[in-house]
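Shown next, in structure tokens, is the structure this report addresses.
The sequence lines fix the lettering, A, B, ..., with proteins before strands; numbering per chain opens at 1.
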Number of protein chains: 2
Amino acid sequence: MGLELPLDQILVGDCIAEMQRLPPASVHAIFADPPYNLQLKGDLRRPNDTLVDGVDDAWDRFADLATYDAFTRAWLAEARRVLRKDGTIWVIGSYHNVFRLGAALQDLDYWVLNDVIWRKANPMPNFRGRRFTNAHETLIWAARGEESRYRFNYAAMKALNEDQQMRSDWFIPLCTGPERLRDAAGAKVHPTQKPEALLHRVILACTNPGEIILDPFLGTGTTGAVARRLGRHFIGIERDQGYADAAAERIQAIVPLSETAALTMAGKREQPRIPFGTLVERGLVPPGSLLMDRARRWSATVTADGSIRCGRAQGSIHQVGAAVQEAPSCNGWAFWHVELPGGRLRLLDEFRAEILGLQA
Amino acid sequence: MGLELPLDQILVGDCIAEMQRLPPASVHAIFADPPYNLQLKGDLRRPNDTLVDGVDDAWDRFADLATYDAFTRAWLAEARRVLRKDGTIWVIGSYHNVFRLGAALQDLDYWVLNDVIWRKANPMPNFRGRRFTNAHETLIWAARGEESRYRFNYAAMKALNEDQQMRSDWFIPLCTGPERLRDAAGAKVHPTQKPEALLHRVILACTNPGEIILDPFLGTGTTGAVARRLGRHFIGIERDQGYADAAAERIQAIVPLSETAALTMAGKREQPRIPFGTLVERGLVPPGSLLMDRARRWSATVTADGSIRCGRAQGSIHQVGAAVQEAPSCNGWAFWHVELPGGRLRLLDEFRAEILGLQA
DNA sequence: TTCTAACCTGAATCCGCTC
DNA sequence: TGAGCGGATTCAGGTTAGA
């Protein structure tokens, strides 16, 4: 390999320069919370005349859109080099910058998979009453390229949402209370610290335990903290020494979850493949058995080599299932049943689950 | 003045050419639902093998992103000429095109005021389980320029939202049922007809009665129908004669409402839904926690994705609750408890109530 | 007539391994 | 690397058919 990856470390420096020192195709995922280019004009005051503590740090100011675009394209290009072929990138922004980010991603041959809306449970109201309450931010989730076979932990996301598909709109509170890092005077250490719940969902969605997530704009280290808790490795890059110090201290204090607690639901795709022939070999469905669909409309006979026959149609459980229904395809495991002595039908998939259970 | 405005008419033709014939600074608002450039490849089937009727119309196909960008900038530039100085524009899109739209708006010196999320009550699921359910579309709301004194009907929006500031995320159902235009054979007339509830909110937000809203991609005329109902004038441009005819017939049948009656047409109220995974993400019941039934007869471990495990059984709080009791079903919220430091058991439902209280 | 169950559908960039 | 094929995959709401 040559280069050693700086796992679970915070690199203090410019994110482009630091990424250039990483080997290509080396990280499984990237989460990036770049400067928003907010361009606030003057002070913003609440109706009671108190001053809103907005983002006016130097790192968030750019001369113009062209400068911001050049910066965006430079770090996104470097990020793409560092990203593994099956890796994905998350980028978060608001309407000030997210269109620049999205267009740059597309122009650099990333392939957008979703835009995800972080709906804030407790957004700051619009004090002037001149616009809609800006109650969300946008995350763009993209693969390295159009043909990428990227990772998506579908079953884990579904489990997180009580057994329904996870949607593209996420309702999560702002980072407040004890989670929010504050200095001795009680001031926010970082103006845009992201909630850990947001990173929890991001990291579970696209990485497995032991894999590596890179954050080129680490800030006060939410990505590192959640990665460590969930048993993932992180690489953080942060230009500001003060933020980096706060992040290091914060991440150090995180207690990683036990291996079992970090284990999420495995989808069927992740489970070992069992050929139907195995059921025949082991005598669970002996040759000569009769298979039937749920409505007992069709039946087929099991042969010794694990193929089945229904009239003139012979082939796999899938092929014959498709043939009798005149359907383009068929999952034979979820179609064919065996009649038990009492007359009840038992799905082939249940026999398979029995074998998978014995293996575990 | 010279030129007479074609009020409450549908101009059949290319939107750029037709806009060029309108005088400058003549309309108060623009709503534009341009082609999304979806780039669908093969066909898509539901798990039950039925075919999804995707958008494959010729008007949605572009050679590449550069062609799409050129088209976008051309019509946006013409729209800006036609827009009054105090006018605003709404543009709707999905992740396929919305970044191109937003970047073009900014480059043409429009000033983005909000991005607004249309959260769909009933989106189409992701049938292959390869991405998050694409459950929203994005509207960009922009003024003609940075210094524009644009109109925003703050009080009307607040009234529509039970006297709270209107947020940037709107929960609105798809256009289905009787509202959806269908031909004699029952086929949808237009593949992407927008719901009237969406336009209702848009038009109320940025126009007054008697003012003019322009739609350069009228389609089957939702903008015209809602404008007429709300006592606004519209100018519609549509290239396809069939769509234009359907729109004309539809708008003709609309009965204008009084403004007070219009205000009563609020959006659908959403029921909050808290999945168990939310408690896990937010750290109320962290991964690794032990759940117990009231009699402490069974216990289960919480994992990072909100599933729980008891022996070999893993699944939702409901599934595992049912499994350990050998019952057909179980309400996990009312079954599982967490042991508090003092030893007292606290029901999961109480944690959920806590979150619901915060949201209200 | 009324209730229930089955069926239909919506702006969708929707598979992945083996040979 | 392209073909072949195993087999994984859906939610809400409206409409229609049937009991």
Side-chain angles (χ1 to χ4, degrees), chain A residues 86 106 110-115 142-143 145-152 154-155 158 161 163-168 267-271 273-277 306 315-319 321-322 327-336 348-349 352, chain B residues 33-57 59-62 65 68 92-98 118 120-138 173-180 182 186-188 190-195 217 219 268 271 273:
Chain A
D86 57 354
Q106 291 176 316
Y110 286 97
W111 192 247
V112 177
L113 300 168
N114 280 113
D115 58 336
E146 181 173 355
E147 304 298 330
S148 301
R149 286 211 286 271
Y150 57 89
R151 167 180 302 287
F152 176 50
Y154 176 77
K158 193 171 174 177
N161 195 33
D163 224 28
Q164 289 194 6
Q165 285 193 342
M166 185 69 80
R167 295 171 41 123
S168 57
K268 282 193 170 177
R269 287 188 185 96
E270 282 87 49
Q271 283 164 9
R273 206 172 76 80
I274 308 283
F276 177 63
S316 72
I317 52 174
H318 315 296
Q319 289 167 334
S329 71
C330 168
N331 180 354
W333 294 107
F335 180 72
W336 295 110
L348 286 190
D349 211 24
R352 180 170 64 163
Chain B
D33 181 14
Y36 285 13
N37 189 25
L38 282 189
Q39 311 163 64
L40 303 181
K41 298 214 171 56
D43 53 3
L44 177 65
R45 286 174 180 278
R46 300 185 179 82
N48 63 6
D49 265 332
T50 57
L51 197 62
V52 173
D53 183 17
V55 178
D56 60 352
D57 306 72
W59 50 256
D60 196 50
R61 286 196 290 267
F62 293 82
L65 274 183
Y68 186 78
I92 184 168
S94 66
Y95 66 86
H96 311 84
N97 69 326
V98 77
W118 168 26
K120 300 181 183 181
N122 45 350
M124 187 160 69
N126 185 291
F127 296 117
R128 303 303 294 263
R130 294 299 298 148
R131 302 182 178 195
F132 298 98
T133 304
N134 195 4
H136 74 274
E137 293 185 26
T138 302
L174 293 175
C175 179
T176 58
E179 187 186 324
R180 187 91 196 207
R182 295 187 180 277
K188 48 191 177 192
H190 193 285
T192 70
Q193 184 181 338
K194 295 292 174 287
F217 305 95
K268 186 184 158 176
Q271 346 250 9
R273 171 175 168 270

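Of the C1' atoms belonging to C/dG16 and D/dT1, the separation is 14 Å, rounded to the nearest Å. With both ends at atom C1', the span from D/dG7 to C/dA11 equals 28 Å, rounded to whole Å. C/dC7 and D/dT10 have their C1' atoms separated by 14 Å, given to the nearest Å.
Per the geometry, CG belonging to A/L348 stands 13 Å off C1' belonging to D/dG7, to the nearest Å. Whole-Å rounding puts the B/F132 CZ to D/dT9 C1' distance at 16 Å. The distance from atom CG of B/N126 to atom C1' of D/dT9 is 9 Å, rounded to the nearest whole Å. Rounded to an integer number of Å, the gap from B/D49 CG to D/dG7 P is 16 Å. Between the P atom of C/dC14 and the NZ atom of B/K41 lies a distance of 6 Å, rounded to the nearest Å. A straight line from CG of A/D349 to C1' of D/dG7 spans 10 Å, rounded to a whole angstrom. When the P atom of D/dA8 is taken as reference, atom CZ of B/R128 falls 11 Å away, rounded to whole Å. Atom-to-atom, CD of B/E179 to P of D/dT15 comes out at 12 Å; the value is rounded to the nearest Å.
Proximity of a side-chain donor or acceptor of B/T133 to a complementary backbone N or O of B/P125 within less than 3.5 Å is not detected.
No hydrogens or angles were tested; on distance alone, a donor-acceptor pair under 3.5 Å links the side chain of B/K194 to the base of C/dA11.
Taking A/E146 as the reference, B/K41 meet the salt bridge (Lys or Arg N to Asp or Glu O under 4.0 Å) condition, with sequence neighbours excluded. With sequence neighbours excluded, no residue satisfies ring-ring contact (aromatic ring centres under 6.0 Å, His included) with A/F276. In this view, A/D349 and A/K268, A/R352 satisfy the salt bridge (Lys or Arg N to Asp or Glu O under 4.0 Å) rule, not counting sequence neighbours.
Comparing D/dT9, D/dG6, D/dC11 by their closest approach to the side chain of A/Q164 singles out D/dC11. Checked against C/dA11, D/dA8, D/dG7, the side chain of A/R273 finds its nearest nucleotide in D/dG7. Looking at the side chain of A/N331, the nearest of the listed nucleotides C/dA11, D/dT9, C/dA12 is D/dT9. Taking every side-chain heavy atom of A/K158 into account, D/dC11 is the closest of D/dG7, D/dC11, C/dA11.
Inter-residue side-chain proximity for A/H318 and A/N331 is flagged as met; some heavy-atom pair is nearer than 4.5 Å. In this structure the side chain of B/D57 never reaches within 4.5 angstrom of the side chain of B/P35, judged on heavy atoms.
For the pair A/Y110 and A/A142, the tightest heavy-atom approach, listed with the atom from each and the gap, is CB-CB, 4.2 Å.
Cation-pi contact between B/R128 and A/Y154: absent, since separation from the ring centre below 6.0 Å together with deviation from the ring axis within 45° is not met.
The phosphate of D/dG7 has OP1 or OP2 within less than 4.0 Å of a side-chain N or O from A/H318.
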Pairs: protein N or O with nucleotides 7-10 of chain C N or O, under 3.5 Å:
unit_1 : atom_1 : unit_2 : atom_2 : d
C/dG10 : OP2    : B/K188 : NZ     : 2.6
C/dG10 : O5'    : B/K188 : NZ     : 3.2
C/dG10 : N7     : B/R46  : NH2    : 2.7
C/dG10 : O6     : B/R46  : NE     : 3.1
C/dG10 : N2     : B/N122 : O      : 3.4
C/dG10 : N2     : B/P123 : O      : 3.1

For nucleotides 16-19 of chain C, give me every protein contact, N/O to N/O, under 3.5 Å, one pair per line with atom names.
unit_1 : atom_1 : unit_2 : atom_2 : d
C/dG16 : OP1    : B/R130 : NE     : 3.0
C/dG16 : OP1    : B/R130 : NH1    : 3.2
C/dG16 : OP1    : B/R130 : NH2    : 2.5
C/dC17 : OP2    : A/R149 : NE     : 3.3

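In DNA chain C, consecutive stretches of 3 or more Watson-Crick or G-U wobble pairs with both distances under 3.5 Å are given as paired ranges: C:2-10 with D:11-19, C:15-19 with D:2-6.
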